[in-house]
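Note on naming: letters A, B, ... go to the chains in the order of the sequence lines (proteins, then strands), and numbering restarts at 1 for each one. The structure presented is a predicted model; accordingly, all values stated were derived computationally and were not measured. All values below come from the heavy atoms of this structure, side chains included, with hydrogens, waters and symmetry mates left out.
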Amino acid sequence: GNSVTQMEGPVTLSEEAFLTINCTYTATGYPSLFWYVQYPGEGLQLLLKATKADDKGSNKGFEATYRKETTSFHLEKGSVQVSDSAVYFCALNQAGTALIFGKGTTLSVSS
Amino acid sequence: DAGVIQSPRHEVTEMGQEVTLRCKPISGHDYLFWYRQTMMRGLELLIYFNNNVPIDDSGMPEDRFSAKMPNASFSTLKIQPSEPRDSAVYFCASSFARDEQYFGPGTRLTVT
């Protein structure tokens with residue numbers, strides 16, 4: 001069945017460091033891919049999405065590229081801030097199913 | 001739009017009591033999802049509805065859990081009787097035509 005695998009956290013970085021959170025997926029066909037972010041005490045918010053191969057989603061300095069050949073959708077940011085500390089979820093959506101989430105990766109950024 | 005609205009935000013109850021969580025989806029959305037989040041199990045999909053009809057309830061843990069959607073603007077998740085292991089944050093989310101989901105702020109349930 002369809003599944004999403006994220007790198008385990010927590011990820012601890014200093015402010016202005018480069019961030020990569022790995023995400024790979026298993027699915028038949030061509031799913032849409034998403035990154036959601038959950039700040040402490042809040043619900044999940046959509047961060048970015050890509051709906052077809054080679055699409056790049058971007059928002060708030062974060063980027064992720066839909067790689068069909070490697071079945072990956074890694075999240076990157078060139079310079080993290082303390083305010084980026086949160087839990088990040090990779091997810092996929094394929095026709096006929098609900099969103100399938102990874103287990104989440106906790107990011108902690110210190111000044 | 002006010003976004004997805006959930007109530008209550010916090011609920012503390014004793015084991016054996018009935019608990020009802022409420023959700024108002026975003027107007028115009030035709031899908032509604034209930035999730036449970038715990039440290040141990042992460043984010044779990046419990047059930048989802050399309051046009052008020054339950055589509056997949058395979059994630060509902062047991063018969064103590066039930067969910068209804070009597071109309072397009074309201075859904076409930078009920079636990080009866082509640083147990084300490086039901087303690088979690090319960091999220092409701094809605095979407096239009098399987099597009100991205102919008103989450104509510106969650107209900108933090110504590111069963112003592």
Any chain of hydrophobic side-chain contacts (each under 4.5 Å) joining B:F65 to B:Y35? no

Crowding at CD, B:E14 (>12 non-hydrogen neighbours, <6.0 Å): no

Between CD of A:Q38 and CG of B:L43, what distance do you get to the nearest 0.5 Å? 7.5 Å

Where is the tightest heavy-atom contact between A:F34 and B:E100, given as atom of each residue plus distance? CE2-CB, 3.8 Å

Honestly, the part of B:Y31 sitting under 4.5 Å from a heavy atom of chain A is neither

If I measure from the heavy atoms of chain A, does B:R108 come under 4.5 Å with its side chain, its backbone, both, or neither? neither

State, yes or no, whether a side-chain contact exists between B:F103 and A:Q45 at a heavy-atom distance under 4.5 Å. no

Should we count NZ of A:K68 as having more than 12 external heavy atoms under 6.0 Å? yes

For A:Y39, look at atom OH and say whether over 12 heavy atoms of other residues, nucleotides or ligands are found less than 6.0 Å away. yes

Step through the shown structure and confirm whether more than 12 heavy atoms of other residues, nucleotides or ligands are within 6.0 Å of CG on B:D63. no

Can you confirm whether B:Y48 sits close enough to A:L99 that some side-chain heavy atom of one is under 4.5 Å from a side-chain heavy atom of the other? no

Enter the distance from A:L44:CG to B:Q101:CD here, rounded to the nearest 0.5 Å. 9.5 Å

Treating Ile, Leu, Val, Met, Phe, Trp and Tyr as nodes and any side-chain heavy-atom pair under 4.5 angstrom as an edge, say whether B:V89 and B:I5 lie in one connected cluster. no

Proximity breakdown for B:Q37 and chain A, heavy-atom pairs closer than 4.5 Å: side chain

Residue A:E8 excluded, over 12 heavy atoms near CD under 6.0 Å: no

Cut-off 4.5 Å, heavy atoms of chain B, and the answer for A:L46 is side chain

